[in-house]
Amino acid sequence: MNKSFLVFLDAGHGALDAKGNYVTAPSKQFQHTQGVFHKGSWFYEGVWDRTLTNRVASKLAQLGIDHLIVSHEYLDTPLAYRVDMANWYAKRASKSLYISNHANASGANARGFEVYTTPGKTGSDAVAELHYNNVKELLGNRITMRPDNSDGDSDREANFYVIRKTVMPAFLVEHLFFDNFEDAKLLMDDEIVDYFAEAQVRTIIQYMES
Ligand SMILES: [Zn+2]
C-alpha cells in the first residue's frame, strides 16, 4: 500500500441476508401505510445506508480516490470492528477521513438532514461544515436542513461510538427521517440519493485538497 489519502465509508447497521431477513435492530425499520418502499411497505434504514454508501464508493472509484467500506454487505458487524478496521488502515495512509451514513427516525414525524461530530472543537468540525454546505447547495431547495448553530457551526454534536473512537477526522450523517412519509419518499428517489452521494464526494475532495 502506498502512503496516500484513504476514505473510510461506514453504512450503518445491517441489511437483508440471502433469505431476505432484515438482520439488524427492529428500530431501524418502519412500515409505511402508503407508498412503495423496500419489500413493499417497509423502509429498511440499513438497506438505504448501503444504497447511498455504494453510490459514493462508485463515484470515488471512477475518480481513482482510494476508499474502504468498513461495513459488511449485509451483516450488522460490531462498531468496534468497523473502527478497528479504519484505525488499522489509517496508520498506513498519509491522510484519511471516516464517514458514517445513516437515516433517522424520531417517532414524532420530524423531517430533515443533520451532520454530527463529537462535542467540542475537533479536526472534524471543518469537514462536517463543508459537508453541510455541499448538501445545502445541491439539495437545500428540496429537503429540510436541520443545523445546530449554537456553537458557531452547522453540525450537531453527539458521542456516537464510530466518530468518538476513530483516530481520523470523522462525521456521521443522518439523511432525513425514514419514518416520515415525505422524507422516506425523497430517500427512495434515485436522483436525491445521487445528490447526497455527489455532495459527499465533493466534501471528500475538498478535505483531501485542504
Ligand atoms: Zn442509523
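For ligands, and for the atoms within them, numbers begin at 1 and follow the listed sequence.
Less than 2.8 Å away from the Zn ion (ligand 1), the protein contributes these N/O/S atoms: His13 NE2, Glu45 OE1, Glu45 OE2, His102 ND1.
Residues Leu130 and Phe171 do not share a hydrophobic cluster, defined by chaining ILVMFWY side chains whose heavy atoms lie under 4.5 Å apart.
Between the side chain of Asp183 and the backbone N or O of Gly112 there is at least one donor-acceptor pair closer than 3.5 Å.
No option in Phe30, Phe178, Tyr74, Tyr22 other than Tyr22 meets the ring-ring contact (aromatic ring centres under 6.0 Å, His included) test with Tyr44. In summary, of the residues considered (His131, Glu129, Glu198), a side chain to side chain donor-acceptor pair (under 3.5 Å) with Thr203 occurs for His131 alone.
Annotation: cation-pi pair Lys165/Tyr98 absent, no NZ/CZ under 6.0 Å from the ring centroid and within 45° of its normal.
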* **salt bridge (Lys or Arg N to Asp or Glu O under 4.0 Å) evaluation trace for Arg50 with Glu73** => CA-CA 8 Å; Arg50 281 159 178 75; Glu73 287 86 345; over 6 Å; no
